Structure formats: C-alpha cells, structure tokens
Amino acid sequence: MAPYTGIPLSPAELSYLHTSLSQDPPIRPDGRSPTQFRPLVAETDILPSTNGSARICFPDGTEAIVGVKAEVEKTRAAGQDVIRGGEGVLGLGRGGGRDVDDEEMEDGEGNAVKSGRGRDEWVEIAIELPALLADAGLKDTLWINNRFHWRLYIDILLLSQPLSYPLPLLSLTTHLALLSTRLPALISEQDEDPLFNDDWEASTPLYPRHTNPSSSVQQHHIKPPITLLVMTVGPAILFDPSADELAVADAVLALSVAQQLPTDATSKSSDQAPSFKLIALRTVDPPSRLTAGGVPNTLNTTTTTTTSSGTSGTMGSSQKKPTAGEVLAIRERDQGTSVWRPPRGGVSRAVVGRMIKAVVERGGVGWEVMEGLAGVET
Amino acid sequence: MAATMVLLPGEEIPTDLLPKSKKGTLTLGPGLHHTPPSTISATTPGTLQVDHRKAALWLEHAGGRYQPSVGDLVIAQIHHSSVETYSCALTPHTSFALLGQLAFEGVSKKTRPQLKAGDVVYARVSKASKWEDVEIECFNSATGKAEGMGPLKGGMLFDVRPAFARRLMIGTDKEGISKGGVVVLEEVGEKVKFEVAVGRNGRVWVDSGSVRETVLIGQLLRRADEEGWGVEAQRKAVKKALRDV
Amino acid sequence: MQADRRRLNAPPGGTAPPVFATAPKTKLQRPTRTREPDQHRKLFLRTGIVPSASGSAYYEIPPQQQQQTGLLVPQSSSLKITCTVHGPRPLPRNAAFSPNLLLSTHVKFAPFATRNRRGYVQNASERDLGAHLETALRGVVIGERFPKSGCEVVVTVLEGEEDGWWAGNAEGRGGGWGMMGVLAGCITVASAALVDAGIDCVDLVSGGVAAVVQAGTDQRGDDGVVAIDPAPSEHDGGIRAACVVGYLQSRDEVTEMWMKGDAGMRAEQLIDEAVKAASLTRAVLAEAVKEAVEMKLEKVEGNAVAAASVKEGKGKSKDVVMTG
Amino acid sequence: MANGTAKPTGLAFSRETFAKLTPAPFLQALLQQPDPIRPNGRSLDDFRTPTINTGSLSHSNGSAVVRFGDTAVVCGVRAEILLASNIPHPPSEDIYDNDVVERLGLLVPNLELSTGCSPDHLPGNPPSTLAQALSYRILSLLHTSNLIDPEDLRIHHGAPPTEDDLPDEGPKIVTKAYWTLYIDILCIALDGNPFDAAWAAVMSALQSTHLPKAWWDPDREMILCSPLAAEASKLRLRDLPVASTFAVFSTGSPLKQRREAESWVLADPDEFEEGVCTETVTAVVMSDGGDVGRIVRLEKSGGGAIGKAAMRRCVQMSQQRWREWQGVLNGG
Amino acid sequence: MSSTSIALPGQSLGPVSSNNVGAGTHIHGDHLFASIAGPLTTTKASSKVPPNLSIARPTGTLLLPEVGTTVLGRITRTNPRQANFSILALGSTGDVVLAEPLPAIIRQQDIRLTEIDKVTVPGSFRIGDMVRAVVISFGDERAYFASTARDELGVVMAVSEGGNRMVPVSWREFEEVGGTRREARKVAKVV
Amino acid sequence: MGPDILHHPLNRADGSATLSSNLYSVLAAVNGPVEVQRRDELPEEAAVEVNIRPASGVGGPRERWLETVVAAVLRSLLLVHMHPRTLIQITLQITKAPSLTLKGAARDVAVLPSLINAAFLALADGGLPLRNTVAAVLLAVASTGEVREEPSEKELAGCKSVHGLAYDNHGDLLLSESAGSFDLVEWERIADQAEKACRAVMAPLNEDGVVTEGSTSSLPWLRQELTDKAQAAIAWREAT
C-alpha cells in the first residue's frame, strides 16, 4: 500500500483525538458507540443486465458498485479419457489447467460426490477478497454437470478515492451483490448440453434467502463472507473507523467472517442467531504511524525544522539549540504523553483475541451487519 | 583574401599562422580550444579567420546552436517571472537566461515594466559563464541608457540560423553595402517602411504596420538563409515579392 | 503475453512447461512430516552478504533430507530469500516532506523460484506480500529518528515454498499456503537486514507461521492438529487454516498478523502457535545479528590498528600521498 | 584517523574519506607508486578468484551461483517446450544447422539488476539500459560461440508411414518440438564487472543443465516427458568461452597536453574503479579446437588510451585466464 | 574492546529511573531498551546524575547529519542566491562516509559571518569545490541547510578553470600549484 | 569512393547528416547543448545521450547495447567539460540495413562503423565541441583468411570474423568491436589496416586533391566532405 500521507490533523488535534478515543467508553467524534456503524446507503439489482448487483455508499463519500455475471462454460478436461487408464498426467510448471486434470481422476467416474468439484478458477473476481473463494459451497453450486459449469464474473468498482482501507466497503457490496444473484433453472438432463428455463421467476438464487431444512445438500445456507475493519486505541476497540479515527489508531485489523455451518442439519439454527466463524484476518498498516510527532514544550523555543528560511540560518541561534542527544532524551522521556507521538510497536495478542471475539460471538457485530444487509430491499 | 585554411576537429593551428600581438595574449573565438602552454586546436570543422589588428582568431562555422557570449545583442522571450528576475528563453530547450526586473533604462521598483509570459525583449548578454545561468539586461549597465534595447511591442519573430543573424548584423561599409552579403532588408526598405531587430541568437523581429508585409519580410529572410541566396538572388526575390504589395 | 521491449522475449510460437507422465512402475512418494508439530525446520540466517547495501541478509530453510527418488521434480521444496536494505537515503525528488522514515518494501520471486515459472514484473500476490511485510516492519522501526528520508527494503525470493505437493490432489493445491511460509521468512530476513543497516528498531521482529493441518485425507470428523512451520507439500491431508505473525518478543506484541482459512474454534490456538514459531526464529535471528556485530567490531579494530595485511589493501594506506 | 603527509590545506583524511571525496586523485596516488596496488589491495593484473557452485536451485534444469569477490550472480536455466507446429514462419529445411538456435530464439537469457544488489539499481522500474545491454551481450555471445548443438534441443518423432509415402521407406523422423532454454540471471550483489560474473554463471548453469527425456504422444497430441532423472540427458556444450574484462584509468584531459597523459589497465575492475574509468575492454576466449585460446569476441570503447600494445597484453591475460578456468569450469 | 557487551534491539537496559537514555536506545513503559545492535557504553554515574547508556553502531555513529554536524561535500550547482552541494561525509575530517550523497544548500546569507551584503555565491564557491560546512537546520523537504560562516569552514579543495589543483593563499583566494592563476573562494582556514 | 553523405538534411535539429554505406544508411540528428533532466545532470560535464532507432520496429535490448557503445565513443570524442550541466542528444535512425539476415554478432558489429561516422558528421554539422576527428571502418576476414575492407553483404555473411574499428586523427583507437573466431596476430593485422584506412579518409589534400598518403583504396572522403562544407559556409564572404 502506498504510504498514507496528507492527514489533515495537527499533532495537537491527533493528541486530543487519541485521548478522547482512549476514554472508557470512548468518545468518538461523531458520537457513535464503539460497535456502531455509520449509516450507509445500500441498494441491490441496480444493473439489469447482470445476474446480480449492488451498490453501497459510505457516509465519508466512498462508494462501490459490484456486478455479478454468470456464463456457462465447458469444463476443461483435456486427455481425461486417457487418464482413466490409471497413468496420470501431472503438470510441471504453469498450466493450472493441467493440474486440475488430476482432479478428474478422482470423481471422473461419475460418482455423485458433489463437494470438491468446484474449482477456484470458476469464479473470476476483480479484486481478491479474503476467503470468498475459501467458501467451498459457492464453487459447488456452479457445477452444472460433468461437462459444464457456470463461470462467475464478479466485477468490483470503487467509484471514489479510498479515504481509508477500502476492503470492507468492497466486501460488503460484494456480499450484497451475491445475495441478489440468481442463476437460470436447469431443464436439461444429466450430462447433455445444458438447457435453461428463460423464465426469470423460475431462476434459483445463488444464496437462498431463508433456509428450509428439507432442501437437499446442494443448496447451502451460508451467506457470502464479509470483511470488517476494526481498530484499537489504548483499551478501546472501535468498528467502522473513520479516516480521522484511523489517523490515531494503535492497530487496525481487517477481519473476514462467515456463518458457521450448523454442525447437525436438524439444529434449529434458523430461529436463533447463527454462529459465526473467522475465516480470514490481516493487520492493516495504520496511517497513524506516518503522522508527524509534536514538539515537547521544553524544545519549543528552538524548532528543529525550518521550512521557511527563517533567521535560524545564522550560526548564533544554532548555538542555543540543545544537542541532538538532549533532544532525543527529552522526546523519549515524554513518550507522547504531553504531545502526540506516532505509535510504536504492534498490538498485544490479548487485544487481538478480544477483537475477534467481538466480531464472531453470537449476536456479535458480524451478525448485526449481516442482518442489516439482509434487510436491504431488493 | 588569402586562401582559406580549413581545419578539422583536433587539428592544431600551425604556429606561423598565429597573429603576433604586443601583449602576447591572443583572443580565441568560437571553434578553438587552448591547451596550455601554447597549443591551439580546432573543436569543429571550419575555416580559420584571423584578425591581426585585434590579435584575435576564430573558426568560421555555419551551423550549430547559439552560444551566448557577453555583449551579444539577443532577442529573448519571457517565460515566467520571479521575485527579482524574469526567466527568458534565448534558444529552445536551453536553461533560461535571467533578466533583472530592474535591468531597464530608468526604472524603479514601481515604474519597472510589467512583462508577461510570451513578451519579447531586445537585450544584451551581460554575463555568460558555463557555471551559472546566462544573465541579460535591457540597458547598458555602465551608462544606464537603453541604447535601443527594451521590450519589443507588436511585430513578429522569425527564426534564422545564428550564422545568418550575424551576417545581418555585420552592418554596411562606407558605401552602404552590407558586409554580410545580405541585402534583403535594404532592398525591401526602399519600398516598405518597417522596424527590425536582429538577435545573435538567430531571431529576427520584424514589424511593418501590416501583418502581410511583416510575414513577407520574414519569409524572404528565412529563404535567403536556408536557400543560401547570393546578393543577386536576393534582389530578384525581393523585387518579385514586392511586385504584388 | 505481448513482447516486452526491455527484455529478451520467448520465441514467437510461445512455449509450454514440460508435462510429465508418471512412468508405469515408479510409485510417487509424497514427503511426510517427520518432525514434531511444535518443531521448526532447521533454518540458516546470515547478514552482511551484500556489502554495497546499507544492510543485507540471507535466509534459508534447506530442503528436508529426502529419500532418493531419482525424479527430476523436487519432492520437498526449500526456502531461499535474500534481502537488502538501502537507507536511510534522501527521498525521491517528487516525494513530499515526511517527518518520519518512509519505509518501502518490495518483494519479488526469481523467475526460477517456484515450480511455475514466474514473470519478470511483480504480480498481485507479490505486491500483497510487500504490503504485509511493510506492515510488519513499520511498527518496529523508530521512524521519527530519520526525518525526510526513505528506506528501501528489497526482498528477492530465490526459492519459494510450494502451495502443496506438485503431484498432489486438489485439496493440497491452491489456497496460497506457500505464500504464508514465504512471508514469515521475509519478515525475519528483512528484520535482520534492517538491524544490519543500523536503523533504530524497538525490537527484533521475527516471523512465524503455524497451520491447522488435516491428519488424514478424509475431511470429515477430525478437526486436525496445529503444527508450526508447515511445509505444505508434507501435509497430504491438506491445510485448513494458517496464520503468520510478525512478533516482537520483548514486548509480546505482533506488528503483523495474517490468518487464512477455517480455523474453526482454534483461531486463538493457531495464533499462539504462530507466535511460538516466531519465538523460535527469533533465537536464530538474535544469534546471527550478534555474530555480525562482533565481526564488524573486529574489522573496525583491525583498521584502527592498521596492521591489516596488504591483501585487504590497508597496508599501503600510510604511503598514500594526498593530492587534493 | 589522520594519515598521509599533511597538505598545505592541512587536510588529513582517512583512506575511505579520501576515496569518497576525490576518487580519481585517490586512485592515481595509489597507481603512481613504484609497484601499484589498487584500492582493493589487488595488483593491476589480479582477477578476483571466483567461487562457483552449481545445481543448488531445485526448480531449475540447471543452475549456478558465482561469486567474484563482492559481485554475486545466480543463474537458473528452465527448459520449456516450443511446438514446431506453433512456429509462425518455420525456417526452411536447408537452414544452416547452427543458425536454428538463433533463428528460432531457443535461448532466452535475461539479466536482472534491480534486485537491490546496489543502491543504483533499486526495483520498481523497468530494466535499466545497463541490464538490457548485458542481457543482449550474453545472448549475442551465446550465438556467436555456437555453444549448443541444436540436436540437443530437438524433440524428434518417428512418424508411421502413411499410404502416400513410398512403401519401402521406413518411418521418417520429424522434429515435433524444440526445447527452449530460459536463462535467468539475477545479480544478487554488485561490486563491479557484472558481465564476467554473469557469463561465468551462465556457463556453469548450462553445464549443469539436464533435459528430461521427451517424446511425442500421438494419442494426446502432446509432448510428454519422463520424470526419471536416469532417463534425462545432460546438455552438451561444445566449448567453454571465458570472458575477461579490463578497465582503463587515464589521467588524460583535454586541458592537458596529450603526451602528459598516463594510463593503467586494471583487470576485473570493482565498482569504485568502474566509477573513475571510462574505457573498458572485454575479451572472450575459447578453445575452438585448439589449445591456444582463440578470440571469439573483443570489445573496447570509451577512450583512446588502449592501443595495439595494451590490447595485446589484455588478450594474453585473457588467454592465460582461459587456461586456468578450464579447470574451474570443468570441475564446477 | 571485544570485552564490551553487545546489545540487541529490544533488549532491556534497566529501569528509566536509574538510567539515562543515550544514543541508540529508547524508552518503552518505564524501562530503557536498546534500539540498535552494537557495543553498549555506560558513562560514570555520579551522586545526582544516573549513568548514561548509549549504543554505538559498529560502523561510525551517525547515519544522517544532525543539526550542528560538520559535513564535507562537493558543490553541484550555484546561482546568485545559493549554492547546492552534496554531502559526502560527516565529521570535520569526514570520518563517516555516506553511501549516498545527501542534498544540501548554502544560502548566500550563510556563506560568511561578516559583510554578508558584499558576499556573492560565484565569488565564494565554484562547482566541483570541496567544502566543509556545518548543518544549521533540516531545511526544506529536499535539502539540508548548511553554513560556512566560520573561519575553519568553507572551501577545502579546489581545482582551477585550467584543471589544476589549487592551494589557499589568503582567506579569500586560492592559487594554482606552481602557477600564478588565482581564483576567489570562501577559504576554509587551515586548522 | 566512400559513403554517400548529405549534410544538414533536418532544419529543426542543431546538427544532422545522412550517411549511406554499401550496407547501411543512417540518419543522424544532434541537439545540444540543451537543458538536462535533473537526474541525468552532471555538475562538471555535459551528459551525452544516444538514441538508436532500428530500420523496422521499435528498439529493444540490442539497440540499448548499441547505444551504450556509441555513447562511450562519442563521450571520449566530445569536449564535455565545455558545457557542464547540459545535455547533448544524438539520435541515430537506421534507414537501410542488409536484407539477408546476418548471424548475431556479425550483424551487431557491422552496423557500428556507419553509426559512428554518421554521428560524427552530425556533431560536426551541429558545431559541437569535438576533441578530435574520428573515422570508423568495417573489416571482414573471409574463410580464406584474406581481409575485406567495407565488405559486401555476401562477404559478410560468409566471413570468419568481423571487425569494426575507429581511429582518431592522432591515431588513437577509440573503438574496437570484433566477433567471430580469430587470434591475436590476425587482430593486429586488422588493426593496422584499419588505422591506415581511417587515417586515409582524413588525410590532407594537396592542390589537385590527390591523396598524399594512405591506401589508394580509399580517398580522403571525410576531409573532402568537411572541407567543401566549410568553404561553402563562407561563400558569401568571397561574394562581397
């Protein structure tokens, strides 16, 4: 990521923001609660020519559009029949196509194991969203028959300059778009060339809205995963941080969560809040590390940087200055207590644990967000 | 004129050709390079020219980019202005020459001319060192007089080869015949009234009230240069051109 | 792929990597993990390998002792990474004023680093590795001590971990598990190079990786074991989840954490194991750095004593007549 | 740290400082001594002793790591298959055999400098002019020296006779595909004279290159290879050219008389020396059947200090070095 | 010397209360920690002042000049207002050699202490001169600001237009060795 | 004989020339001294930049290599100290190249003399300060062992070794690029012949323009060209 510069806040402002956010409960500039998201504008099915689409606009002006397009594609199976003979052809080098041929060896005999037939390359996504592909269920629903599969094109468009880390916005929008995606119903038999019902009403959603226990295995009730941005300041954990808040973050995490598949099909997972699992996590370099530190009062008389060609040029004044060693000592002893100092070091494991918990726990933020998005009118 | 001597780069000037001077100092013009103690060699192919009176010698060479030297009269175009100076272009793609905001006749902080980008001035090279930017002025800093220099209003600029510009500037002998072998201006002058300023940097500024004539004069100069017209050819061309004015 | 004007290009016809046929009688032996789950592979680290750089280091996990298969294709992959640090140096002319050291990282695989021949220009995953590494290092350097200067951290992966066994089946492949092992290596080697360059850091950051690996081939029922420093090719059951950390032991903090996959209820344990791995690497890191410092000191002494041999070119130093 | 006789300016600089502030006078001072010793402690004719180890890269068909003092180069050779049917304008059958390799572009060397090997070559920008020039010199030298027998790169197939063939003639051999060698050279550390090191690395890597047994599979209509090392064949090199580079330090200046100029020829220059030398000579010597060492390539530009006599010395040193190297390379 | 203990970044050096922070160290919480790898040196502690702990880099101490550092560099360009130069080494005898030159500026008013109005840049420096100067501020986004307004500061080595080495003959002039040609400079007083 | 030369074909460039030998035609354009980009700026010298455009297609590594060689020669030829912190830019457009594809290095070496000669003429036309006059020749050693000066396309294709050398008017060897298979003795013979040839093309003329020294095989075309040009430039003086 390019170094995040141009933070409009002065050391004094940063220092103030940091202290107020470190309060318990933290005082956020816009008065939100730590777990509260900023109101966002969301709509789906905005692109008629796609199988599914969505648009989300954050209050800070960042906006994204996602379009999902599905196409039927012949499953590449070069030399498959030969391979049946038991002698395998193994790829060395690029040619991912070759590699997957081995896959055909296992289920090529036509046994009805459904899972593991999906392939990563069936989903073409503009930006790598953590763990979207990890969800095996999605890939398997793309399987039509032994010879054909759906290819899913997910085009993600960030309409605005990213003010901060854009991944959450993109993932939420993608989530919505996938929820609204429908595939035409198949009417052809077995392995013949697929024929589809052109009646849009009959089409099946990629992700069924409400779960009915009777449905067969091929329909899975997992919603696409989402990625959330979480930051810490001192003791506080804040969700959906604004650009200003990020400028004083101690640490920032991007967490991706998905619904937990009910361990046993009979569980009443429908009436109670579904459990969530963490499927991806990464630290994000907080812009706070690039902010300018303040000058402790003890040093204020002599500023060490003169961009304006002031009188400090003459030797006389430079004599009064404290030696570099003294400056260092003063700055170190201050430790950013009296003036702002960009954070050092990382985040403690315990805090990470708390952040994860806050997201995945039943009825946690992850659940809130998904419910919120599920509520979006289509 | 004696049989001209042509030198190639790196060739030394035979000592017997060097002018004798009382002070023992020689003035080296363009195209020559001095290696101590007393070797003088050519840096470009050209014909050796010696001025025994001034104890000066140089190589005559037709082409090449203008190299400023102190005292040259040049036509400069303002590019932008900063606190104390204007930055002006003498030749394309070379670093700008500096013109003091107050380097004009009888101006003060308040009365100094307000020049904007694109304006043209007739100026004199006042400082030319390979180490610093060239400096020019629009008045003789010794006398403080403009001596014909200053902003050029209206008119048009025409590019010619620096060598041709020099010929234009050599002036005329007592019979009023151009020494540079360029008679275009004189010829035209008999029919049309116009103002002209020639810069050593290969720029000629022409202004006769009408655009048509101005362009015509410019074209004549250009072609005289590029097509290497002799005096007669020039006269013919001028007559032909003026016929339909 | 269109021709690159600045490089010598492949023949117009385009080439394909060789495709191997498993000879009838040879049985492909998949490498298996012989060490304990909490045991790290032996690793080699040395600093100061590129004298013209401010700091540099070389990191290697040698290939595991492998049974002679007589195959051309390597059974177990190894890890070879070099890193150079250039800086603190003046910022590029176009750059704006920065009150801190502007750290920039660049990770690139050599074309021959992996089974699939790599391109010459950075691809998305390499750029992402760079971003991860940058996050890991930014937290550890004391930037405000080098105002308006930059620091380039350049990592070249000569040999990279595979995502799975080259001949393995679907589960072992993809998922980019190899990348996580590489990142752990990058963090450690870059940390060594930074210290070698003498840039102020709050701690020695070291990289560590752990994974939830499937014991057997069948997915269902067992929730696998957590193993540190996994070599993807060794886990035929495949890897369910993995986590990399950049760990500051003396502060018990992480500057970088990257977790992928379904760790289920084991997320926390996975992190702890990754941290354990990082602590193990730190020991090696500290050793290498200390060694380097001692060697430098000896050299400095050597020069001071000026008794250095002519071979080092110091001998004549007294005779040099200065001509300003 | 003061050393050297104090100057009127009262300057007393350490060696390193002196070298940094005024490189040329520093070098001149050292070279003007009765028996010149270069800043790096070598004498004028000293080459750095190379260390070579091969086959260390597991994903390459052949590889080598070569160190010349503080210049280190890694070279990996990767073999891929070019199907004859994919060649746009197949060369005519009668093409002079040795030209096949060049005409089809079966050798693809690329040298990478932007590995952070020195502060002047940081990544993020396309290959520098230097990198491109080096890559091309290596390619051109590979072709000129006819190192590789095209036969080694051909993948043949005995096509079964078809009815339009004359009955009596057996299966005719056709070239179904060619091996293409991607020769990637990474400069890991740079302290001058990258060419000699890179070339040595290429030689060693090619020497250690093994190509798998490959055949045309008519059913799958593709080339298949055997993974067995036993069946793989070693690439044969016809010769072992050795490159020797020299730099010339000259005090000549247009401000001084030509006769005043002094110059010294420095074998295998390092980064510092290259910085103050403009003129260079590279001689590439190979056996070409004989045992004297014939010249296959001779390059000199950047000045006029080296005349016939100096050139003779350079070539003779190169031939000497070539003899020594036969051992090193064959051993390595 | 080899007996000195070597500290590594992150190594605790004891509580802040009883130790003074020195070069190459930093404070985290209430403890002093090492921030570079190198030999640890402790100054004598007195009754009132706690010992000062500092760590030296095995190669030279500084990586970048600080305000007040004496530097050596070469003039790269001049104009009426200022002279640009590249800092090549730190310390009055340049003991710390920099890997890459740092851009610096000597403004016209910082060339000399006296007669600032009379001093001209071309009359003080010429491109190629080797100067000794002292850093007076971190300067603008690009260049450090340096000054030669002290006797021992100024041009220490110069080459004449004729390409010959020169030696100082006065506080304002250099002269060609074995020649008569003189050129004006801000001469660094011989120390 | 000697190549066909056209002086100052381009009016916009400070200096230009086209040179056509039996193998190659090159259009050379020179601009300078002009403003230099900050990163290429040399405090005490002019930077020399050479751009080479192949007869067909865009340039690649081969052209970059040719550029470095030509630039090295020109840098040693130009008085770069006279224009510090400026740029001298030379563009060489190859307009004609042998039709029959020559083998690698032969093709590389063969083009160099034409490039050098064309560049020199353009620099001279542009009046840029030159230290010396330079001339370059191409020699080929046939399989029979005999040496061919300015060989034909066919001779080049079949030869054992190719040599491009450049000498200045002081007899200094500024360029020597050889490829093929040869030994020291052969090269020295080549060098001698090349020096003779180079001196010949710049040999002084006497009144009736007959060569006074050098091989009879080549007339002093270089001096002839430059002399005629210089005299033409002052024609107007005689006219007045």
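The figures that follow rest on heavy atoms only: side chains count, while hydrogens, waters and symmetry mates do not. Only a predicted model underlies this, so the values are computations on that prediction, with no experimental measurement involved. Every chain is numbered from 1, with letters handed out A, B, ... down the list of sequences.
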Query raised in the report: Got more than 12 heavy atoms from elsewhere within 6.0 Å of CZ, B:Arg222?
Result: yes
**Report entry** Atom pair CD/OG of F:Glu41 and B:Ser95 - distance to nearest 0.5 Å
**Finding:** 9.5 Å
**Report entry** Part of B:Leu32 lying under 4.5 Å from any heavy atom of chain F
**Finding:** neither
Query raised in the report: Would you say F:Leu79 and B:His33 make side-chain contact, with heavy atoms under 4.5 Å?
Result: yes
Report task. May I ask you to name which of B:Thr44, B:Thr94, B:Leu8 has the most heavy-atom pairs under 4.5 Å with chain F? Result -> B:Leu8
Query - Exercise: identify the closest heavy-atom pair between F:Ala230 and B:Val6 - result: CB-CG1, 4.0 Å
**Report entry** Contact leader toward chain F among B:Gly64, B:Pro30, B:Ala42, where contacts are heavy-atom pairs under 4.5 Å
**Finding:** B:Gly64
Query raised in the report: When rounded to the nearest 0.5 angstrom, what is the spacing between NE2 in B:His61 and CG in F:Asp125?
Result: 6.0 Å
Report summary line: One should read off an interatomic distance between B:Leu7 CG and F:Thr133 OG1, to the nearest 0.5 angstrom, of 9.5 Å
Query raised in the report: Who among F:Pro129, F:Ala232, F:Pro33, F:Ala233 has the most heavy-atom pairs with chain B under 4.5 Å?
Result: F:Pro33
Query raised in the report: If you count heavy-atom pairs under 4.5 Å between each of F:Pro84, F:Gly15, F:Ala13 and chain B, which one has the most?
Result: F:Pro84
Requested in this report: Measure F:Asp168 against the heavy atoms of chain B and call it side chain, backbone, both or neither at under 4.5 Å.
Outcome: neither
Query - With B:Lys130, the side-chain contact (heavy atoms from CB on, under 4.5 Å) member among F:Glu44, F:His83, F:His81 - result: F:His81
Query raised in the report: So does F:Lys96 have more than 12 non-hydrogen atoms from other groups sitting under 6.0 Å from NZ?
Result: yes
**Report entry** From CZ (B:Arg65) to CG (F:Leu128), nearest 0.5 Å
**Finding:** 9.0 Å
Query - B:Gln67 versus chain F, the contacting section by heavy-atom distance below 4.5 Å - result: side chain
Requested in this report: Using a cut-off of under 4.5 Å on heavy-atom pairs, state which of F:Met202, F:His170, F:Met82 scores highest against chain B.
Outcome: F:Met82
Query raised in the report: Do you know the tightest heavy-atom contact between F:Phe120 and B:Pro9?
Result: CZ-CG, 4.3 Å
Query - Part of F:Arg131 lying under 4.5 Å from any heavy atom of chain B - result: backbone
Report summary line: Interatomic distance, CZ@B:Arg161 vs NE2@F:His8, rounded to 0.5 Å, equals 5.0 Å
Report summary line: To the nearest 0.5 Å, atom CD1 of F:Ile234 lies from atom CZ of B:Arg167 at 11.5 Å
**Report entry** Engaged part of F:Pro43 at the chain B interface, taking heavy atoms whose separation is under 4.5 Å
**Finding:** backbone
Query - Pick from F:Leu123, F:Leu130, F:Val34, F:Val134 with the largest number of heavy-atom pairs that fall under 4.5 Å of chain B - result: F:Leu130
